[in-house]
Student: 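Submitted below is the structure of interest, expressed as structure tokens.
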Amino acid sequence: MESALWSTLSALLGALVGGGISYVLNRQQFSNQLRIQQEQHKVEFMAEETARHFLSHKSFTDRSFETLRNHLGGFGDDELRKILVRAGAIRVYREDGSEWWRLLSRMDEFIERKALEKITREI
């Protein structure tokens, strides 16, 4: 009976160690593949990061398309719009017909700011 217990525990321990090693190796392989993909598509990743940087500025929730186009040169208008969407931005047209972009994650901040402006105008 005791030898059956030892062989079962040995098999269980071997499976746990083997599973742990497989997990660590797969995790390293995944992070390496992700880094390789980012390096291959560096221009797109950096463009999205730059767009997010401009749209995350603490003083401005919105940026005009012209401003973004000037700072993110080298892309066509439609390609730049795709980059902005991938960065998490939405397009808004103002009353004058100009195109403006803001991060969807900053929508609550935009609404609060508009409500504050409305209250200060009423006072």
Side-chain angles (χ1 to χ4, degrees):
M1 176 76 177
E2 201 171 293
S3 65
L5 181 64
W6 280 111
S7 64
T8 304
L9 288 176
S10 298
L12 183 62
L13 181 63
L16 287 174
V17 169
I21 291 171
S22 292
Y23 173 76
V24 169
L25 290 176
N26 281 331
R27 189 170 172 184
Q28 285 178 341
Q29 183 181 14
F30 176 73
S31 67
N32 189 34
Q33 287 174 348
L34 182 62
R35 194 172 52 248
I36 289 169
Q37 287 295 320
Q38 285 177 337
E39 196 63 36
Q40 287 176 349
H41 301 286
K42 192 171 188 171
V43 172
E44 289 85 6
F45 278 109
M46 292 307 294
E48 287 176 35
E49 188 176 321
T50 304
R52 248 184 251 109
H53 171 77
F54 277 105
L55 294 169
S56 297
H57 192 277
K58 64 181 180 178
S59 299
F60 303 103
T61 55
D62 297 5
R63 291 286 186 158
S64 69
F65 185 72
E66 288 78 25
T67 300
L68 294 168
R69 184 176 46 205
N70 289 339
H71 291 286
L72 288 167
F75 299 101
D77 287 354
D78 288 336
E79 190 177 1
L80 180 55
R81 287 181 180 99
K82 289 177 185 177
I83 289 169
L84 290 167
V85 169
R86 282 196 308 262
I90 57 172
R91 176 175 52 186
V92 178
Y93 288 104
R94 298 251 172 115
E95 292 175 3
D96 62 357
S98 60
E99 182 178 347
W100 290 73
W101 289 79
R102 83 174 61 103
L103 287 176
L104 189 58
S105 61
R106 295 187 71 190
M107 201 61 175
D108 293 336
E109 181 183 344
F110 173 77
I111 292 169
E112 288 174 10
R113 187 172 286 178
K114 286 295 178 186
L116 255 159
E117 288 176 8
K118 184 178 179 182
I119 291 171
T120 55
R121 273 187 250 134
E122 291 174 357
I123 295 177

Student: Does any non-hydrogen side-chain atom of Arg81 lie less than 4.5 Å from one of Phe65?
Tutor: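 With C-beta onward as the side chain, the pair touches.
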Student: Return the set of residues passing salt bridge (Lys or Arg N to Asp or Glu O under 4.0 Å) with Arg106 (not counting sequence neighbours), or none when no residue passes.
Tutor: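 Expected list: Glu109.
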Student: Could you state whether Leu16 and Val24 fall into the same hydrophobic cluster, counting links through intermediate Ile, Leu, Val, Met, Phe, Trp or Tyr residues with side-chain heavy atoms under 4.5 angstrom apart?
Tutor: no
Student: Which atom pair, heavy atoms only, marks the closest approach of Ala87 to Glu48?
Tutor: CB-O, 3.8 Å
Student: Flag the pair Ile83 / Thr50 as yes when at least one side-chain heavy-atom distance between them is below 4.5 Å, and no otherwise.
Tutor: no
Student: Does a side-chain heavy-atom distance below 4.5 Å link Leu68 with Trp101?
Tutor: yes
Student: With side chains defined as the heavy atoms from C-beta onward, is the minimum distance between Val92 and Asp62 less than 4.5 Å?
Tutor: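 Side chain of Val92 against side chain of Asp62, heavy atoms only: no contact under 4.5 Å found.
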Student: Which value, rounded to the nearest 0.5 Å, describes the distance between Arg102 atom CZ and Leu55 atom CG?
Tutor: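 With rounding to 0.5 Å, CZ (Arg102) is 10.5 Å from CG (Leu55).
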Student: Of the non-hydrogen atoms in Leu80 and Arg69, which two are nearest, and what is the gap between them?
Tutor: CD2-CA, 3.5 Å
Student: Between His53 and Glu49, is there a side-chain heavy-atom distance shorter than 4.5 Å?
Tutor: no
Student: So which heavy atom on Leu84 is nearest to which on Ala51, and how close?
Tutor: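 For Leu84 and Ala51, the tightest heavy-atom pair comes out as CD2-CB, 3.7 Å.
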Student: In the single-linkage hydrophobic clustering (I, L, V, M, F, W, Y; side-chain heavy atoms under 4.5 Å), do Leu5 and Leu13 co-cluster?
Tutor: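 No, no single cluster joins them.
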Student: Between Arg63 and His71, is any pair of side-chain heavy atoms under 4.5 Å apart?
Tutor: no
Student: Could you tell me whether the side chain of Arg91 reaches within less than 4.5 Å of the side chain of Trp100, counting heavy atoms only?
Tutor: no
Student: OG/Ser98 to CZ/Arg94 distance, rounded to the nearest 0.5 angstrom?
Tutor: 6.0 Å
Student: Table please: side-chain donor-acceptor pairs of residues 27-37 below 3.5 Å, with sequence neighbours left out.
Tutor:
unit_1	atom_1	unit_2	atom_2	d
Ser31	OG	Gln28	O	2.9
Asn32	OD1	Arg35	NH2	2.9

